[in-house]
Colleague: 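Before we start, here is the structure in question, set down as structure tokens.
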Amino acid sequence: VILFILGKVTQKDEEFGDVDFYGNANESPAQMSGMELIENIGCVRCHGADLKETDIGPGLYNAKEHWSRKELINYLRNPSAYDGDERFDVYRDKYSGSIMPSYGNRDVKELGRIADYILSLED
């Protein structure tokens, strides 16, 4: 017991930076690129590592055909606000059981970098 207590008392406090969805230590989100943020917050789990679609989420290429930067940031902040959009009715049917999470808790600058990256993707 004494050795255990001594071990705890003398143990150095470890500093942990931000961690990603999986608990891995990462650089600060302020320093991450759009793709790094996409990987960090877990978008690749539904949209695929190449962001070209999976069975549970649509591809993110050619988004600029449907979104401006401002619109995409607003969508990322509150996807449920787009429930009446016909395009999302199709997505709901095709990817049933999947729900796009809200990222309203993320810094808008981060969402801007994500949006810029997504809008740059072309087939």
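What's counted below: heavy atoms across the whole structure, side chains too, no hydrogens, waters or symmetry copies. Just so it is clear, the model here is predicted, and its values are computed rather than measured.
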Colleague: If I compare all heavy atoms of L72 with all of W67, which pair ends up nearest, and what's the gap?
Modeller: N-CE3, 3.8 Å
Colleague: Checking N105 now: which residues fulfil side chain to side chain contact (heavy atoms under 4.5 Å, CB included) with it, not counting sequence neighbours?
Modeller: none
Colleague: Who are the side-chain hydrogen bond (donor to acceptor under 3.5 Å, both in side chains) partners of S68, not counting sequence neighbours?
Modeller: E71
Colleague: List the residues meeting side-chain hydrogen bond (donor to acceptor under 3.5 Å, both in side chains) with D107, not counting sequence neighbours, and say none if there are none.
Modeller: none
Colleague: Among all residues two or more places apart in sequence or in another chain, which pass the salt bridge (Lys or Arg N to Asp or Glu O under 4.0 Å) test with R77?
Modeller: none
Colleague: Output yes when D116 and R113 qualify as a salt bridge under the 4.0 Å nitrogen-oxygen rule, no when they do not.
Modeller: no
Colleague: Could you please spell out the steps behind the side chain to side chain contact (heavy atoms under 4.5 Å, CB included) verdict for V44 and M35?
Modeller: CA-CA 10 Å; V44 296; M35 185 59 196; 4.2 Å; yes
Colleague: What about I118 and V108, same hydrophobic cluster or not, with Ile/Leu/Val/Met/Phe/Trp/Tyr joined at side-chain heavy-atom distances under 4.5 Å?
Modeller: yes
Colleague: About how many Å separate CD1 of I114 and OG of S33, when rounded to the nearest 0.5 Å?
Modeller: 9.5 Å
Colleague: Nearest 0.5 Å, please: how far is CG in L37 from CD in Q31?
Modeller: 11.0 Å
Colleague: Quick one: does any side-chain atom of H47 pair with a main-chain N or O of G59 as donor and acceptor, under 3.5 Å?
Modeller: no
Colleague: Among residues at least two apart in sequence or on other chains, which ones pass salt bridge (Lys or Arg N to Asp or Glu O under 4.0 Å) with K64?
Modeller: E122
Colleague: With a 4.5 Å limit on heavy-atom distance, are the side chains of I38 and M32 in contact?
Modeller: no
Colleague: On a heavy-atom basis, which atom in I73 and which in L111 lie closest, and how many Å separate them?
Modeller: CG1-O, 3.9 Å
Colleague: Quick one: which residue pairs count as a ring-ring contact (aromatic ring centres under 6.0 Å, His included) with a foot in residues 90-123, not counting sequence neighbours?
Modeller: F88-Y91
Colleague: Let me confirm one number: the CG-CG distance from L60 to L121, rounded to the nearest 0.5 Å.
Modeller: 7.0 Å
Colleague: Suppose we screen for salt bridge (Lys or Arg N to Asp or Glu O under 4.0 Å). Which residues come up paired with D50, at least two apart in sequence or across chains?
Modeller: none
Colleague: Only counting residues at least two apart or in another chain, list the ones meeting side chain to side chain contact (heavy atoms under 4.5 Å, CB included) with P79.
Modeller: Y75, M100, S102
Colleague: Looking at residues at least two apart in the chain, or sitting in another chain, which of them share a side-chain hydrogen bond (donor to acceptor under 3.5 Å, both in side chains) with D93?
Modeller: none
Colleague: Answer yes if Y82 and V90 sit in the same cluster of Ile, Leu, Val, Met, Phe, Trp and Tyr residues linked by side chain heavy atoms under 4.5 Å apart, and no otherwise.
Modeller: no
Colleague: Show every salt bridge (charged side-chain N to carboxylate O under 4.0 Å, His left out) that has at least one partner inside residues 94-106, sequence neighbours left out.
Modeller: E53-K94, R106-E110
Colleague: Considering residues at least two apart in sequence or located in another chain, which fulfil the side chain to side chain contact (heavy atoms under 4.5 Å, CB included) criterion with I99?
Modeller: none
Colleague: Just by distance, do the side chain of S98 and the backbone of I56 share a donor-acceptor pair under 3.5 Å?
Modeller: yes
